[in-house]
Protein chains: 2
Amino acid sequence: MTIHDHPGKECIDTVRAFNRFYTRQIGLLDEGLLKSPFSLTEARVLYELANRDGLVASDLVRDLGLDPGYVSRLLKKFEERGLVEREASEADARRASIALTLAGSQAFAPLNQDSHDQVRALLDRLAPADQERLVKAMRTVHDLLGDRPEPKVPYILRPLQVGDIGWVTRRQGMLYAQEYGWDETFEALVAEILGEFVKNFVPQWERSWIAEREGEVVGSVFVVRKSPKVAKLRLLYVEPSARGLGIGARLVDECITFARAKGYRTLTLWTNDILGAARRIYQEAGFRLVDEERHHSFGKDLVGQTWNLEL
Amino acid sequence: MTIHDHPGKECIDTVRAFNRFYTRQIGLLDEGLLKSPFSLTEARVLYELANRDGLVASDLVRDLGLDPGYVSRLLKKFEERGLVEREASEADARRASIALTLAGSQAFAPLNQDSHDQVRALLDRLAPADQERLVKAMRTVHDLLGDRPEPKVPYILRPLQVGDIGWVTRRQGMLYAQEYGWDETFEALVAEILGEFVKNFVPQWERSWIAEREGEVVGSVFVVRKSPKVAKLRLLYVEPSARGLGIGARLVDECITFARAKGYRTLTLWTNDILGAARRIYQEAGFRLVDEERHHSFGKDLVGQTWNLEL
DNA sequence: CCATTTTATTGACTCAGTCAACTAAATGAT
DNA sequence: ATCATTTAGTTGACTGAGTCAATAAAATGG
C-alpha cells in the first residue's frame with residue numbers, strides 16, 4: 001500500500017452524492033430566512049458578528065468566502081441601519097473591527113431562534129440514538145474536512161468504563177488480523193483476558209488505563225496481580241491513527257509508576273517478537289528480555305517473549 | 001426516558017455549526033463552476049438529467065427545490081441550445097419527459113469531470129483510513145436525514161469474523177448498562193463467554209450467527225454444546241435500531257434448526273425475567289420455563305430463568 | 001525608501017432567481 | 001356527466017444579490 005492510494009470511485013461518488021444531498025438540505029433550511037429581511041449571506045454575516053469578537057471586514061471575506069466589495073457595501077448598509085458599529089483599529093488605520101449594536105443583536109435574535117428551532121425540529125424527528133449518530137457523524141465530517149486544530153489536550157487517560165472491554169477487544173483483534181494476519185483466536189484471547197480482568201478485579205492491586213482522544217478510544221493497558229511480588233502488564237495497544245503522540249510510552253510509564261507505588265518487585269509482560277514498536281517502548285522503559293519460546297498461536301508461527309522490569 | 005427526549009443544546013449547536021461549515025464547503029466546491037458557462041442551479045439540473053431517465057419538469061422543481069417558472073425558462077434555453085429534448089407524455093398531455101441530447105451530455109461531461117476531480121483532490125488530502133471514516137460519516141448523515149429507502153435485503157446472517165467478538169461484547173454491555181443499569185461485570189461476562197466460545201469452538205457441534213444490516217452488526221446468537229444431548233443458546237441480542245424486523249425470532253429459529261439437525265435432544269438457555277422482549281421470542285419458539293432463581297449480579301438483584309426446548 | 005501587498009471602497013453591471021397571473025389538462029366529488 | 005379543484009407548465013415583469021475592475025490608503029519587507 002502506498003502512502004496515499006487513490007480514493008476508490010465509490011468513495012468519490014458517495015461524497016458527491018452527499019454534496020448534492022446537502023446542497024438541497026441547506027436550501028431547505030435556508031427557506032426559513034425567506035420571511036426575514038435578510039438574505040442568506042447577510043444572515044451568515046450577522047451570525048459571525050454575533051458569535052465572534054473583534055472581527056474585521058477581511059475576516060468575513062476570508063471565512064465566509066465573499067466578495068470584498070459586497071461585504072463593504074453590506075456593512076455600510078448595516079451601519080446605516082444602525083445594526084453594526086465600527087471601531088477603527090489603532091494598530092492599522094485601514095482596518096476597523098465590527099460589532100453588532102444592541103439593535104443588531106435584536107435583529108439577529110429571531111433569525112437565530114428560527115434556525116435553532118428548525119434544527120431542533122429536524123433532530124426531533126429522529127430517535128435519540130439516531131440523533132447521537134447524526135451528531136457524531138457530522139462532527140467527524142467537520143473534523144476531517146475542516147482545518148482541524150490539533151486538540152489542546154492530545155489525549156486523556158481514564159479508567160475502564162462500560163463498552164471499553166468490547167471496543168478494546170475488537171480493535172486489537174482487527175489490528176493484528178490486518179497487520180499480521182492473526183485469526184479470530186487472538187481476539188478471543190483478548191476477550192477472555194479482559195473478561196477475567198474485570199471479574200477478578202482487585203482495585204488495590206490492579207488497574208486499567210484507557211487513552212481517549214477526542215472522545216475515541218485510542219489505546220489501553222492493564223496491570224494485573226500475578227503474585228504479591230509480581231505484577232503483569234497486559235494488552236498494551238495504541239491505535240495506528242494515534243501513534244507518534246507518545247501514548248504507548250505514557251501507558252507503560254503509568255503501569256510502572258503504579259507497580260512501584262503498590263510495592264511490587266517485578267513488572268513482567270508477555271509479547272511477540274514481531275511487535276517491534278511495542279518492544280522499543282519496553283526497552284526504553286528499562287524492561288529486559290528474560291525468556292523466548294516458539295509457539296503456534298492465532299494461526300501463525302510466532303516467537304513469544306517474556307520481558308521483566310525489576311522495580 | 002420518554003420516546004423522544006428533546007435534543008440537547010450541544011447537539012443542536014453541533015448540527016448548526018456543521019450546517020455553516022458545509023455551506024462554506026459547498027461554496028468552495030462550486031467555485032469550480034465559475035469558469036463554466038453554467039450556473040450552480042443549471043449544473044444541478046444537468047446532473048439530474050444526466051443521471052435519471054424519464055424526468056419531467058416538475059420532478060426537477062420538487063427534487064431540487066426550484067421555482068417552476070425558473071425551471072421552465074431554463075429548460076427552454078437548454079432546448080434552444082440543443083442540450084435537451086422533450087418528449088410529450090402519452091398519459092398526460094401536460095407533461096413532457098426531458099432528456100439530454102448528445103450535445104447536452106458533451107456539455108455536461110467536463111462539469112462532471114471537474115466535480116469528480118475536485119472531490120478526488122479533497123479525498124487525496126486525507127489518509128486512507130480517514131477517507132473511509134469520512135465516507136462512512138457522510139453516508140450516516142445522508143441515511144439519517146434523507147428519506148432512507150428501506151434496504152432491499154433487510155438483513156443477512158453470517159458466521160463470526162474478526163472484530164465481531166469485541167463488537168458484540170461492547171454493544172451488549174452498553175445496551176444493558178443503558179436499559180437496566182447493569183455494571184461492567186456483565187460486559188466482562190459476555191467477553192469471557194465469547195472468548196471461551198471461540199477457544200473451544202467445535203464446528204460440528206457449535207455455531208454462531210451474526211445479523212448484519214447495511215454493513216452494521218445488528219444482532220447475534222451462539223449455540224454451544226453442553227453435553228452430547230444438550231445444546232445451549234447464548235447471548236441472543238438485537239440492536240434497538242433493528243428491532244421489529246423479526247431478527248430475534250429468526251436467530252432463535254436458526255439455533256433450533258441447527259440443534260435439531262445435529263441431533264441434540266434439548267436446547268436450553270439462561271436469561272433474566274426483566275428481559276421481556278427476549279422472553280416473548282423464546283415462548284413463541286416453544287421454550288418452557290423450567291427453573292427460576294434469584295441472584296445478585298451486574299450490580300442488580302435479578303431473577304434468572306432457565307428455559308428449555310425439547311427437540 | 002520604494003516596490004509590493006493588504007485592506008477597504010466605489011462605480012457599473014448582469015443575470016440568477018422570484019412572484020404573480022394565466023392556460024391547459026387531469027382529477028375527483030357529487 | 002359536470003363542474004370545482006388540483007396539477008403541470010408557461011410567460012411577463014422585476015429586483016437585488018453578487019461580480020468585476022479600478023482606485024485609494026495604509027502597511028510590509030527587502
Side-chain angles (χ1 to χ4, degrees), chain A residues 23-24 26-28 30-46 48-49 54-81 84-99 111, chain B residues 23-24 26-28 30-49 54-81 83-99 111:
Chain A
T23 300
R24 176 86 184 96
I26 287 171
L28 286 173
D30 292 337
E31 278 176 15
L33 286 170
L34 280 182
K35 31 184 179 359
S36 91
F38 298 103
S39 76
L40 167 58
T41 307
E42 285 172 331
R44 291 173 72 202
V45 168
L46 286 175
E48 289 297 313
L49 292 174
L55 275 176
V56 159
S58 56
D59 295 331
L60 294 169
V61 169
R62 178 174 21 79
D63 296 346
L64 300 181
L66 302 176
D67 179 86
Y70 183 41
V71 169
S72 172
R73 240 180 295 262
L74 198 150
L75 289 174
K76 196 164 102 186
K77 198 172 66 183
F78 280 175
E79 201 173 18
E80 281 164 8
R81 282 203 263 164
V84 306
E85 279 172 336
R86 301 196 221 203
E87 190 180 359
S89 156
E90 294 144 32
D92 187 334
R94 295 168 308 179
R95 319 174 79 185
S97 63
I98 305 147
L111 255 65
Chain B
T23 299
R24 176 86 184 96
I26 286 171
L28 286 174
D30 292 336
E31 278 175 16
L33 287 170
L34 280 183
K35 33 184 180 357
S36 90
F38 298 103
S39 76
L40 167 58
T41 307
E42 285 172 333
R44 291 173 72 202
V45 167
L46 285 175
Y47 187 94
E48 290 296 314
L49 291 175
L55 275 176
V56 157
S58 54
D59 295 331
L60 294 168
V61 169
R62 178 174 20 81
D63 296 346
L64 301 181
L66 302 175
D67 179 87
Y70 184 41
V71 170
S72 172
R73 239 182 295 263
L74 197 150
L75 289 174
K76 197 163 101 186
K77 199 172 67 183
F78 280 174
E79 201 173 16
E80 281 163 8
R81 284 204 263 163
L83 302 178
V84 305
E85 279 172 339
R86 303 196 221 202
E87 192 180 359
S89 156
E90 293 145 30
D92 189 333
R94 295 168 307 180
R95 322 174 79 184
S97 62
I98 305 148
L111 255 66

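A, B, ... follow the sequence lines: proteins, then strands. Residue 1 opens every chain.
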Once you apply a heavy-atom cut-off of 4.0 Å, does [X] come out as touching a base, just sugar-phosphate, or nothing?
X     : value
B/R86 : sugar-phosphate
B/V71 : nothing
A/A88 : nothing
B/S39 : sugar-phosphate

Which residue lies toward the 5' end of DNA chain C, A/R94 or A/G69, if each is placed at its nearest nucleotide?
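The residue closer to the strand's 5' end, by nearest nucleotide, is A/R94.
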Within the pair A/T41 and D/dG18, is there a side-chain N or O less than 4.0 Å away from OP1 or OP2?
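Checking D/dG18 against A/T41, a side-chain N or O does come within under 4.0 Å of OP1 or OP2.
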Between C/dT10 and A/K76, is there an OP1 or OP2 to side-chain N/O distance shorter than 4.0 Å?
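Checking C/dT10 against A/K76, a side-chain N or O does come within under 4.0 Å of OP1 or OP2.
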Per B/D67 side chain, nearest of listed nucleotides D/dG9, D/dA17, C/dT18:
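The listed nucleotide nearest to B/D67's side chain is C/dT18.
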Nearest-neighbour nucleotide for the A/S58 side chain, D/dA8, C/dA16, C/dT7 considered:
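The nucleotide sitting nearest to the side chain is C/dT7.
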Which heavy-atom pair separates [X] from [Y] by the least distance, and what is that distance?
X     : Y     : value
B/S39 : B/Y70 : OG-OH, 4.0 Å
A/V84 : A/L75 : CG2-O, 4.0 Å
B/R86 : B/A96 : CB-CB, 4.1 Å

In whole angstrom, what separates [X]'s [atom1] from [N]'s [atom2]?
X     : N      : atom1 : atom2 : value
B/R62 : D/dG9  : CZ    : C1'   : 14 Å
A/L40 : D/dG16 : CG    : P     : 17 Å
B/L66 : C/dT18 : CG    : P     : 8 Å
B/L46 : C/dA16 : CG    : P     : 13 Å
B/L60 : D/dT7  : CG    : C1'   : 16 Å
B/R95 : C/dT23 : CZ    : C1'   : 18 Å
B/E90 : D/dA8  : CD    : P     : 18 Å
B/Y70 : C/dC19 : OH    : P     : 14 Å

On DNA chain D, compare the nucleotides closest to A/L74 and A/D92; which residue's is nearer the 5' end?
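Final value for this comparison: A/L74.
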Validation row: B/L111, B/Y47 side chains within 4.5 angstrom (heavy atoms)
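With C-beta onward as the side chain, the pair stays apart.
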Taking the side chain as C-beta and beyond, is there a heavy-atom pair between B/V45 and B/L64 under 4.5 Å?
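A side-chain contact exists here, since the closest heavy-atom pair is under 4.5 Å.
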Hey, is the side chain of B/R73 pairing donor to acceptor with the base of D/dG9 inside 3.5 Å?
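No.
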